[in-house]
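This report concerns only the one structure given below.
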Amino acid sequence: NTCVCHGFLVSLYMQLNNIFDSLGGDKRIERRVNSLFDKMVEKQSAVINKCFEDKAPKVGAYRVLRNKNWDMEDLIDRIRQFSGSECVGHKHVLCIQDTTELSYDHMKGRLKEDDPDFGDGSMQLKKYSIFVHPTMIVDAESCLPIGFSSVRIWNRERIEGRKKTNKRATLPYKDKESYRWTLSAKESAECIPSDVRKTIVGDRESDVYAFMDETLEVGCDFLIRSTHNRKSSVGADLDTLTEHLAKQKPMGEYSFSLPGRQGRKNRTAVMEVRFMPITLHAPHSNAGSKEKLDIYCVHVKERADSVPAGEEPVEWRLLTSHEVTSLAQAVQCIDWYRCRWLIEELFRLMKSKGFGIEDIQLEDGESTKKMISLTISAVLKCLILKRSYDTRREEVSARILFTNVQLVVLHALMGMIHAKNPRSKDGRNPFKEDSLPWAAWIIARLQGWCDMGKDTRPGYITLKEGLRVFEYQVAFYTSLKKDV
């Protein structure tokens with residue numbers, strides 16, 4: 001898939017602006033949105049005052065977002081169709097979906113109380129929230145992001161004195177907010193070519209029988225993390241998932257590098273793997289069109305001697321429509337599920353330590369939603385750069401993300417880094433020259449990151465800030481060239 005991957009990425013950053021062609025039926029809108037998007041990618045920010053230095057382009061950006069002649073849905077549809085077309089030639093893609101909440105309550109003094117594009121948040125005191133549920137397309141072989149097959153942006157109705165009720169439990173599935181999982185699967189099936197295998201990946205919130213049923217109906221596979229201890233059958237044995245797995249001995253082991261975070265130490269996790277075919281039974285008559293689903297369960301749990309004192313073992317129980325009859329197939333499903341972390345990083349990059357989407361100074365919900373849809377696409381550059389480093393994709397050229405001028409600057413910066421520490425790891429780029437991970441290494445060094453060894457990797461925020469510093473270096477170089 002190397003050539004396919006190259007073709008997509010060249011299209012993404014050399015032709016992505018084609019998405020804005022005749023947006024709103026107006027060339028002026030097209031130019032303004034193009035300019036705003038380019039600056040967002042360049043400055044790695046969604047805050048207009050950080051994107052532009054001069055007053056005129058700032059005013060133009062605010063005006064185009066308030067313009068009623070184009071809307072968020074039109075832009076999202078263009079992103080979906082473009083991303084779907086870039087899946088041509090791929091054999092198998094993962095469609096990773098999840099939900100995040102964006103809060104603008106800190107601006108409530110500047111926002112209208114009756115703005116229909118803001119609503120109640122997940123916490124009772126939040127009144128100016130917007131929910132975002134993107135579905136990121138990721139190549140199953142390279143694990144590099146491709147685009148988005150669905151982006152759902154909405155707000156809840158405001159209810160005074162709201163209290164938790166059990167009313168939602170009695171609603172038909174299609175009337176529940178959780179139906180977004182199925183809608184996103186359907187939109188993915190619509191925009192991605194039919195000859196490309198599609199696997200919908202979701203966390204525990206997607207453990208809904210009707211979702212699994214309808215995902216299969218539209219021609220997609222699924223891979224989700226189980227949260228319900230469902231009644232299921234293994235042959236003639238009817239029991240819960242927990243009891244079925246307790247009867248299984250580990251079928252093998254595998255290990256992977258588990259990065260540290262708050263409350264968890266960096267380590268090589270040794271995992272015990274179990275897998276088996278199971279039959280799920282519909283929990284009630286309205287759960288789906290099928291009374292039962294024949295699928296597979298994969299259970300992976302960290303071996304006791306691999307877990308540091310005071311920590312809980314890593315454990316996942318996965319449900320999938322993919323056939324799993326060998327350890328290799330089970331590990332493949334686990335690796336695909338680990339790619340789900342990409343969408344968590346997407347949300348992290350969108351928010352306060354990244355593009356600052358919750359810090360934008362827009363005074364109406366409609367403009368805010370437009371900015372959210374632009375930010376989701378602008379974040380992709382950093383995601384791809386990080387992923388190429390982590391997966392050591394040295395066959396991927398840096399030219400897919402960087403222009404000729406930027407490559408000249410990268411070489412100059414690499415020369416300066418090497419001259420400073422010619423014999424240490426900090427001065428020697430371990431990757432093939434002009435490859436994408438080679439460029440990522442230089443970008444990370446600009447932000448002060450140090451290459452300390454095999455398991456040392458730059459984080460997303462480090463790369464995001466490094467890209468911002470790099471753009472200043474490129475601007476300085478371009479200015480010097482003009483003066484000569």
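Along the sequence shown, the residues carry numbers beginning at 1.
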May I ask you to decide if [Y]'s main-chain N or O and [X]'s side chain share a donor-acceptor pair within less than 3.5 Å?
X: Ser377; Y: Leu374; value: no
X: Arg80; Y: Ser149; value: yes
X: Ser321; Y: Phe222; value: yes
X: Ser233; Y: Ala236; value: no
X: Thr462; Y: Pro458; value: no
X: Ser326; Y: Gln329; value: yes
X: Asp120; Y: Arg156; value: no
X: Arg317; Y: His228; value: yes
X: Asp294; Y: Thr279; value: no
X: Gln406; Y: Thr403; value: yes

### Task
For side-chain contact (heavy atoms from CB on, under 4.5 Å), just list the numbers for Glu465 and Gln447, CA-CA rounded to whole Å, side-chain angles, deciding distance to a tenth of an Å, and then say yes or no.
CA-CA 7 Å; Glu465 289 300 315; Gln447 189 55 26; 3.5 Å; yes
Pairwise distance [atom1]([X]) to [atom2]([Y]) - rounded to 0.5 angstrom:
X: Trp441; Y: Phe431; atom1: CH2; atom2: CZ; value: 9.5 Å
X: Met276; Y: Arg274; atom1: CE; atom2: CZ; value: 10.0 Å
X: Arg340; Y: Trp316; atom1: CZ; atom2: CH2; value: 9.0 Å
X: Ser232; Y: Ile278; atom1: OG; atom2: CD1; value: 5.0 Å
X: Met212; Y: Ile224; atom1: CE; atom2: CD1; value: 4.5 Å
X: Thr368; Y: Ile360; atom1: OG1; atom2: CD1; value: 4.5 Å

Within the 4.5 Å heavy-atom criterion, are [X] and [Y] side-chain neighbours or not?
X: Met251; Y: Val273; answer: no
X: Val298; Y: Ile334; answer: yes
X: Thr268; Y: Ser306; answer: no
X: Val234; Y: Asp239; answer: no
X: Glu187; Y: Thr135; answer: no
X: Tyr460; Y: Val379; answer: no
X: Leu102; Y: Lys351; answer: yes
X: Gln248; Y: His299; answer: no

### Task
Report the C-alpha separation of Arg225 and Asp207 in whole Å, then their side-chain angles, then the decisive distance to 0.1 Å, and conclude whether the salt bridge (charged side-chain N to carboxylate O under 4.0 Å, His left out) test is met.
CA-CA 7 Å; Arg225 188 174 177 184; Asp207 185 8; over 6 Å; no
### Query
With the threshold set at 4.0 Å, does a side-chain nitrogen-carboxylate oxygen contact exist between Lys91 and Asp195?
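No salt bridge links Lys91 with Asp195.
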#### Entry: SB check Lys198 Asp221 (cutoff 4.0 Å)
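Salt bridge absent between Lys198 and Asp221.
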### Task
Would you please test Trp154 and Glu177 for side chain to side chain donor-acceptor pair (under 3.5 Å) and show each step?
CA-CA 10 Å; Trp154 78 99; Glu177 200 173 83; 3.3 Å; yes
### Message
I'd like to know if the side chain of Asn429 pairs up with that of His418 as donor and acceptor (distance under 3.5 Å, no hydrogens or angles considered).
### Response
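Short answer, no.
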### Query
If you measure only the distance, is there a donor-acceptor pair under 3.5 Å linking the side chains of Tyr337 and Thr320?
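There is no such pair (donor and acceptor under 3.5 Å, judged by atom type) between the side chains of Tyr337 and Thr320.
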### Message
Assess the residue pair Ile357 and Phe347 against the criterion (side-chain contact (heavy atoms from CB on, under 4.5 Å)); give the C-alpha distance rounded to whole Å, side-chain angles, the decisive distance to 0.1 Å, and a yes or no.
### Response
CA-CA 10 Å; Ile357 190 61; Phe347 296 151; over 6 Å; no
### Message
With a 6.0 Å cut-off (strictly less than), is the heavy-atom count around CZ of Arg303, excluding the residue itself, greater than 12?
### Response
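Count over threshold, so yes.
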### Query
Is Lys292 atom NZ crowded by more than 12 heavy atoms from other residues, nucleotides or ligands, each under 6.0 Å away?
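Atom NZ in Lys292 is not crowded, with 12 or fewer foreign heavy atoms closer than 6.0 Å.
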### Task
Would you please test Ser388 and Arg393 for side chain to side chain donor-acceptor pair (under 3.5 Å) and show each step?
CA-CA 5 Å; Ser388 71; Arg393 305 291 297 188; over 6 Å; no
Closest non-hydrogen atom pair between [X] and [Y], with its separation:
X: Gly427; Y: Met414; value: O-CE, 3.7 Å
X: Ala282; Y: Lys290; value: CB-O, 3.9 Å
X: Ala140; Y: Trp336; value: O-NE1, 3.4 Å
X: Glu253; Y: Val270; value: OE1-CG1, 3.8 Å
X: Leu410; Y: Ala439; value: CD1-CB, 3.9 Å
X: Ile146; Y: Leu380; value: O-CD1, 4.5 Å

### Task
Mind telling me whether Tyr389 and Trp449 have parallel, tilted or perpendicular rings, with 30° and 60° as the class edges?
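Trp449 vs Tyr389 ring planes: perpendicular.
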### Query
Parallel under 30°, tilted from 30 to 60°, perpendicular over 60°: which one fits the rings of Phe211 and Trp181?
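Geometry flag for Trp181 against Phe211: perpendicular rings.
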### Task
Would you kindly check if the NZ (Lys) or CZ (Arg) of Lys381 is within the cone defined by 45 degrees around the ring axis of Phe402 and under 6.0 Å from the six-membered ring centre?
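Cation-pi check for Lys381 and Phe402: passes.
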### Task
Please report the C-alpha distance between Thr199 and His92 in whole Å, then the side-chain angles of each, then the deciding distance to 0.1 Å, and finally whether the side chain to side chain donor-acceptor pair (under 3.5 Å) criterion is met.
CA-CA 8 Å; Thr199 298; His92 180 201; 2.7 Å; yes
### Query
Would His133 and Arg180 count as a side chain to side chain donor-acceptor pair (under 3.5 Å) if you check the C-alpha gap in whole Å, the side-chain angles of each, and the deciding distance to 0.1 Å?
CA-CA 8 Å; His133 186 91; Arg180 66 187 183 277; 3.3 Å; yes
### Task
Step by step, work out the side-chain contact (heavy atoms from CB on, under 4.5 Å) result for Tyr296 and Glu323.
CA-CA 7 Å; Tyr296 289 82; Glu323 183 179 63; 3.7 Å; yes
### Task
With salt bridge (charged side-chain N to carboxylate O under 4.0 Å, His left out) as the test, would you mind laying out the steps for Lys186 and Glu214 before giving the verdict?
CA-CA 8 Å; Lys186 289 182 176 181; Glu214 294 192 37; 3.4 Å; yes
### Task
Before giving the answer on salt bridge (charged side-chain N to carboxylate O under 4.0 Å, His left out), spell out for Glu311 and Arg267 the whole-Å C-alpha distance, their side-chain angles and the decisive distance to 0.1 Å.
CA-CA 12 Å; Glu311 290 191 32; Arg267 63 182 180 273; 2.8 Å; yes
### Task
Evaluate salt bridge (charged side-chain N to carboxylate O under 4.0 Å, His left out) for Glu471 paired with Lys43, printing each intermediate quantity in order.
CA-CA 7 Å; Glu471 290 298 341; Lys43 302 297 185 182; over 6 Å; no
### Query
Arg152 and Ser184: side-chain contact (heavy atoms from CB on, under 4.5 Å), yes or no, with the steps?
CA-CA 8 Å; Arg152 308 194 68 80; Ser184 296; 3.7 Å; yes
